[in-house]
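Chain identifiers are assigned alphabetically (A, B, ...) following the order of the sequence lines, protein sequences preceding nucleic acid strands; residue numbering begins at 1 within each chain. No experiment lies behind these values; they were computed from the predicted model shown.
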Amino acid sequence: MPELPEVESVRRGLQDRVTGARVSGVRVLDPRILGSTSQRRVPPEAVGAFAAAVAGVGLRAPERRGKFLWVPFVRPGEDPQSAPPAALTLHLGMSGQLRVHAAHDPVHRHTRAVLALGQDRELRFLDQRIFGHIGVDVLVPDGPDAVPRSTSHIARDPLDARWNAEATARVVQRSRAALKSVLMNQSVVSGVGNIYADEALHRAGVHPLAVPARMRISRIRRVLDESRSVMLAALAQGGTSFDALYVHVNGDSGYFERSLRVYGRDGRPCATCGGVIRRIVVGARGTHLCPRCQPAQRPRRS
DNA sequence: CGGCTCCCCTGTAAGC
DNA sequence: TGCTTACAGGGGAGCC
């Protein structure tokens, strides 16, 4: 399940391998990978349009915000200063992988799209469940940065140098939804998915169903701080490879699974207090918590 | 408009 | 044993 640490690990792998490469060919093996998360049916001309948009372009260094990846490119013979900036956009969804292969390597059966790089290498997009996406988008300004237009509603993530923890905490506090759902709202704070939301809440000692509007701002700040630090720790381990659906660009796994304290550990003892870890459902997502370390919010009398 | 539910999809595993 | 069903989840559409 690629979240920020996994996507950043992939971005770093791509940075070494695709920056400066020229796209010499395009193959779309499953057109659904070009669709949106809720509209997988794409018109037949979408394949040709995608291929035409990236054919011959020169790839620049990959960028990321939250779980969204993009690779800015320069079209052949175009002046980068005057042409409208654009990028190859990538989202790994649930099971997406980006792999850089020699062109003669066998093609895995979940390969959905292939970009040939130069003469003998390929960037391959694999995605078992097709929740991911590959496309092309124009870049629009966001302060000093440029982001794909389709990503402009995505908030800065906790590893962004311009992330404002204090302002984010105030936005979170305005919500009356379950704290975990707010933490996973990518327009409030990006990059946090189901695993790291559970881990951050446990480390902060806060119940996933706590209502931000009824919390002290210091508790909200603590949860955001823990989100940042747990994702930094996971990044240092190359991310979490829970079920082999997430791997690096070279096929290696991440090693943070051994450091998870609650996610996927329901019924087992909490390493902090010895209590039994429970699983509930929050916002239709499996949610893991230690009821002793993360006591429920006191109900409000009305 | 905030907040919620549903749905896209496939592989795995439980149930009958 | 073999089929059917439930479940996992990121994020957007659509509804109240």
Side-chain angles (χ1 to χ4, degrees), chain A residues 1-8 10 28-43 46 64-70 89-98 108-113 125-135 137 147-155 157 168 170-200 208-214 227 231 234 239-247 257 260 262-267 279-288:
Chain A
M1 279 142 270
E3 303 177 31
L4 190 154
E6 293 74 34
V7 178
E8 174 61 14
V10 169
V28 177
L29 309 185
D30 191 327
R32 290 176 297 177
I33 204 67
L34 300 175
S36 65
T37 48
S38 56
Q39 187 53 55
R40 285 289 158 205
R41 295 172 60 155
V42 300
R64 179 192 58 76
R65 177 170 290 187
K67 307 171 200 172
F68 291 76
L69 260 183
W70 65 94
T89 57
L90 303 155
H91 196 291
L92 302 178
M94 267 293 295
S95 54
Q97 300 178 9
L98 286 163
H108 188 278
R109 70 168 170 149
H110 292 126
T111 305
R112 311 300 182 183
F125 193 104
L126 288 70
D127 191 359
Q128 177 191 95
R129 297 183 193 172
I130 323 185
F131 276 29
H133 172 79
I134 184 169
D137 200 3
V147 301
R149 188 162 55 196
S150 55
T151 306
S152 54
H153 64 294
I154 301 299
D157 61 66
T168 304
R170 289 195 295 269
V171 172
V172 170
Q173 200 180 34
R174 287 203 285 268
S175 174
R176 273 169 288 276
L179 175 57
K180 182 184 176 184
S181 299
V182 183
L183 209 51
M184 289 177 64
N185 182 339
Q186 305 297 302
S187 64
V188 175
V189 51
S190 71
V192 181
N194 206 38
I195 296 175
Y196 298 112
D198 283 1
E199 293 297 315
L209 291 175
V211 176
R214 298 205 279 121
S227 302
M231 291 197 294
T240 303
S241 297
F242 205 54
D243 50 9
L245 288 182
Y246 158 72
V247 292
E257 187 193 340
L260 297 178
V262 285
Y263 188 86
R265 303 192 74 253
D266 40 311
R279 183 184 186 277
I280 62 175
V281 175
V282 178
R285 297 289 178 260
T287 298
H288 312 76

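Atom CG of Asp157(A) and atom P of dG11(C) are 12 Å apart (whole Å). Straight-line distance from the CZ atom of Arg279(A) to the C1' atom of dA6(C): 12 Å, rounded to whole Å. Across the protein-nucleic acid pair, Gln97(A) atom CD and dT10(B) atom P stand 16 Å apart, rounded to whole Å. The distance from atom CZ of Arg112(A) to atom C1' of dC8(B) is 13 Å, rounded to the nearest whole Å. The interatomic distance linking Asp198(A) (CG) with dA8(C) (P) rounds to 13 Å, in whole Å. Whole-Å rounding puts the Ile130(A) CD1 to dG11(B) C1' distance at 12 Å. In this structure, Met184(A) places its CE atom 8 Å from P of dG11(C), rounding to the nearest Å. Leu126(A) has its CG atom 19 Å from the P atom of dC9(B), to the nearest Å.
Between Asp198(A) and Lys180(A) there is a salt bridge, with a side-chain nitrogen of the basic residue lying less than 4.0 Å from a carboxylate oxygen of the acidic one.
Remark: His153(A) is in phosphate contact with dG12(C), judged by side-chain N or O atoms under 4.0 Å from OP1 or OP2. Within the 4.0 Å cut-off from OP1 or OP2 of dT10(B), not a single side-chain nitrogen or oxygen of Gln128(A) is found. Contact check, Tyr263(A) against dG9(C): a side-chain N or O comes under 4.0 Å of OP1 or OP2. Checking the phosphate oxygens (OP1, OP2) of dG11(C), a side-chain nitrogen or oxygen of His91(A) falls inside 4.0 Å. Applying the 4.0 Å criterion to OP1 and OP2 of dC8(B), one finds that His133(A) has every side-chain N and O outside that range.
At the heavy-atom level, Gly35(A) lies nowhere under 4.0 Å from the strands shown. Across all strands, Ser175(A) comes closer than 4.0 Å only to sugar-phosphate atoms, never to a base (heavy-atom distances). Within 4.0 Å (heavy atoms only), Ala284(A) reaches no atom of the nucleic acid at all.
Each of Ala178(A) and Arg109(A) lies near DNA chain B, and the nucleotide nearest Ala178(A) is the one positioned closer to the 5' end. Residue order along DNA chain B, read from the 5' end via each residue's closest nucleotide, puts Arg285(A) first among Arg285(A) and His110(A).
Interface remark: the Arg174(A) side chain does not form any donor-acceptor pair with the dG2(B) base, using a distance-only criterion of under 3.5 Å. Counting distance only, with no hydrogens placed and no angle test, the side-chain atoms of Arg129(A) and the base atoms of dG11(B) include no donor-acceptor pair under 3.5 Å.
Considering only heavy atoms from C-beta on, Leu4(A) comes within 4.5 Å of Arg64(A) through its side chain.
Checked options Leu126(A), Ile134(A), Leu98(A); the residue passing with Leu92(A) is Leu98(A) (criterion: side chain to side chain contact (heavy atoms under 4.5 Å, CB included)). When Val147(A), Asp157(A), Thr151(A), Leu90(A) are each tested for a side chain to side chain contact (heavy atoms under 4.5 Å, CB included) with Phe68(A), only one passes: Thr151(A).
Stacking between Phe131(A) and dG9(C) is shown: the ring centroid lies under 5.5 Å from the centre of the six-membered base ring, and the planes differ by under 30°.
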* Derivation of the side-chain hydrogen bond (donor to acceptor under 3.5 Å, both in side chains) call for Asp137(A) and Ser150(A) -> CA-CA 7 Å; Asp137(A) 200 3; Ser150(A) 55; 2.7 Å; yes
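Of the possible donor and acceptor atoms, none in the side chain of Gln97(A) sits under 3.5 Å from a partner among the backbone N and O of Asp127(A).
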